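Below: one structure, written as C-alpha cells.
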Amino acid sequence: MTVTYTDAHQAHQPAGSGAPGGRSQGLRQHIYRALPEIDRAEAIVTRLRDSMSLGLLKEGDRLPSEVEMAESFGVSPTTVREALSALRSKGLVETRRGRSGGTFVVSLPAASVPLMRQRLEGLSVVELRDMGDHRAAVSAASIQLAASRAVDSDLHAIQRLVEAFENAEGAHSLARADSRIWLEIAVSAQSRRLLIAQLHLQLESSELLWAPLGNPRSKEAVLPYFASMMDALHRRDREAAVSAATQRIQDDTFHMIDQKLTLALHEGSKDDTHVR
C-alpha cells in the first residue's frame with residue numbers, strides 16, 4: 001500500500017470506526033501497509049506489537065477485520081488469523097463475538113527494567129552518541145519541514161499530544177507519549193522516508209530513554225523543549241524549531257550516557273565490595 005500524505009491531513013476517524021481514535025491517517029496506513037517478503041505472520045505480529053509499544057495502538061482500540069487486514073497487508077486471511085492467535089497468546093489482544101465484536105487491544109507490551117538495564121549496559125558511549133546523532137538528524141529534518149508544511153490541524157494535533165505527555169505518568173506511558181509527538185511531527189513533515197526513520201528510532205530509543213534506572217529522565221526537564229518547539233512551529237520559524245528539537249535530543253543523549261556511566265560505576269563499586 002502506498003502512503004499518501006493528503007490522507008495524513010484529513011480529519012481523524014472517530015473512535016469505534018475500526019481505526020484507532022485520535023491517531024492520524026498517515027500513521028494508520030503505516031501500521032497496515034503491505035509486508036516484506038519474510039515470515040508474514042510473524043511480520044504482522046511484530047508490526048502490531050511495535051505499534052502498541054509506540055502508542056499508535058492503544059488499549060481498547062479495535063483492529064480492522066481479518067479480511068481488511070489481509071487486503072492491507074497483502075496476505076491471506078489464514079495468515080492474519082495465525083498472527084492474531086499469537087498476539088492473543090501474548091495477552092495483547094482479545095477477540096469478541098457479536099454485533100459489536102472484533103479484535104481489540106487489551107494490553108500493551110512493556111519492556112522489563114532488567115532488560116532495559118541490560119540493553120543500556122550493552123551499548124557503548126560511542127553507540128549512544130551515534131544513536132543521538134541519528135535522532136537529531138532525522139528529527140531536525142522533520143521539524144524543519146513541518147514548520148513549512150504543517151497545516152493548523154497538524155499543529156493542533158501535536159499540541160494535544162504534548163498535553164497528553166504532560167499528563168502521562170510512569171515510564172512506559174511517558175515513553176509512548178513522547179514517541180507519539182515525534183511521530184506526529186514526522187507526519188506533518190509529509191515525508192514517508194522521515195516517518196519510517198523516526199518510527200525505527202523511537203522503537204530503538206524511547207523505552208531506553210525513559211527506563212526507570214537510577215536517575216530516570218525527568219518529564220519536567222523535557223516540557224520546556226516541547227514548549228519551544230511548539231512556539232517555533234506556530235511562528236513557522238524553521239531555525240528555532242530545529243534548534244529546540246536538536247537541544248532536546250542532545251540532552252536526551254547526555255542523559256543516557258550519564259545513566260550508562262552511573263550504572264557502570266555502581267557495578268564497579270559492587271565488584272570492589274565483593275573482592276574485599
Side-chain angles (χ1 to χ4, degrees), residues 3-15 19-31 51 53-58 61 135-169 173-203 205-206 209-210 217-252:
V3 177
T4 60
Y5 289 91
T6 52
D7 290 339
H9 294 158
Q10 292 175 356
H12 298 311
Q13 293 191 13
R23 258 76 79 215
S24 70
Q25 186 74 357
L27 286 170
R28 179 177 182 271
Q29 290 185 341
H30 170 80
I31 296 170
S51 298
S53 295
L54 291 175
L56 306 182
L57 293 172
K58 296 186 177 181
D61 282 344
R135 282 189 65 208
V138 170
S139 300
S142 296
I143 202 166
Q144 183 179 50
L145 290 174
S148 299
R149 297 175 177 176
V151 297
D152 287 345
S153 60
D154 295 326
L155 298 183
H156 292 153
I158 299 170
Q159 183 61 54
R160 286 194 297 271
L161 291 170
V162 171
E163 292 167 1
F165 173 83
E166 187 172 3
N167 293 323
E169 297 293 340
S173 295
L174 286 166
R176 293 184 181 106
D178 190 23
S179 291
R180 285 290 292 114
I181 295 167
W182 293 108
L183 292 171
E184 197 68 33
I185 290 170
V187 168
S188 299
Q190 302 178 45
S191 168
R192 181 175 181 274
R193 288 178 182 269
L194 287 174
L195 172 58
I196 291 174
Q198 188 66 266
L199 279 157
H200 290 310
L201 284 167
Q202 290 303 315
L203 284 167
S205 65
S206 184
L209 173 64
W210 292 98
R217 190 70 169 112
S218 167
K219 175 173 66 173
E220 288 70 27
V222 166
L223 285 170
Y225 291 117
F226 282 142
S228 296
M229 288 162 58
M230 290 308 306
D231 177 66
L233 285 171
H234 281 293
R235 291 187 290 106
R236 306 293 176 173
D237 188 335
R238 297 191 299 173
E239 184 176 342
V242 169
S243 177
T246 302
Q247 289 176 30
R248 156 67 203 279
I249 292 168
Q250 184 180 57
D251 198 13
D252 287 348

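Values below: every heavy atom of this structure, side chains too, minus hydrogens, waters and symmetry copies. None of the values given here were measured: they were computed from a predicted structure.
Between M229 and A244, the shortest heavy-atom contact is CG-CB, 3.6 Å. Residues A240 and R235 share a closest heavy-atom pair of CB-NH2, 4.0 Å. Across L201 and R135, no two heavy atoms sit closer than the pair CD1-CA, 3.8 Å.
Crowding of E220 atom CD: a count of heavy atoms from other residues, nucleotides or ligands under 6.0 Å exceeding 12.
Here the straight-line distance linking atom CG of L57 with atom CD1 of I31 works out to 4.0 Å at 0.5 Å rounding. Here the CE-NE2 distance, from M230 to H156, works out to 8.5 Å after rounding to the nearest 0.5 Å. Distance check: L54 CG to R176 CZ gives 9.0 Å after rounding to the nearest 0.5 Å. The distance from the OG atom of S228 to the CG atom of D237 is 11.0 Å, given to the nearest 0.5 Å.
Each of T246, L233, L194 was scored for a side-chain contact (heavy atoms from CB on, under 4.5 Å) with I143, with one residue passing: L233. For the side-chain hydrogen bond (donor to acceptor under 3.5 Å, both in side chains) with S179, the lone residue among E184, Q198, Q202 that qualifies is Q202.
K219 contributes no side-chain N or O that, together with a main-chain N or O of L174, makes up a donor-acceptor pair within less than 3.5 Å. Judged purely by atom type and a 3.5 angstrom limit, S206 uses its side chain to pair as donor or acceptor with the backbone of A175. Formation of a donor-acceptor pair under 3.5 Å by the N167 side chain with backbone atoms of E163 is found in this model. Proximity of a side-chain donor or acceptor of R236 to a complementary backbone N or O of A150 within less than 3.5 Å is detected. With hydrogens and angles ignored, the 3.5 Å screen pairs no side-chain donor or acceptor of R217 with any backbone N or O of L209.
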message: Show, in sequence, the C-alpha distance, side-chain angles and deciding distance for R238 and S148, and conclude whether the side chain to side chain contact (heavy atoms under 4.5 Å, CB included) test is met.
response: CA-CA 7 Å; R238 297 191 299 173; S148 299; 2.9 Å; yes

task: Using the side chain to side chain contact (heavy atoms under 4.5 Å, CB included) rule, take R160 and V162 through it: C-alpha gap first, then chi angles, then the decisive distance, then the call.
output: CA-CA 5 Å; R160 286 194 297 271; V162 171; over 6 Å; no

message: Working note: Q247 + S243, criterion side chain to side chain donor-acceptor pair (under 3.5 Å); need CA distance, chi angles, decisive distance, verdict.
response: CA-CA 6 Å; Q247 289 176 30; S243 177; 2.9 Å; yes

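A heavy-atom distance below 4.5 Å is found between the side chains of R248 and F226. Side chains of L56 and L199 form a contact here, defined as non-hydrogen atoms less than 4.5 Å apart. No side-chain heavy atom of S139 sits under 4.5 Å from any side-chain heavy atom of I185.
Here W182 and Y225 keep their ring centres 6.0 angstrom or further from each other.
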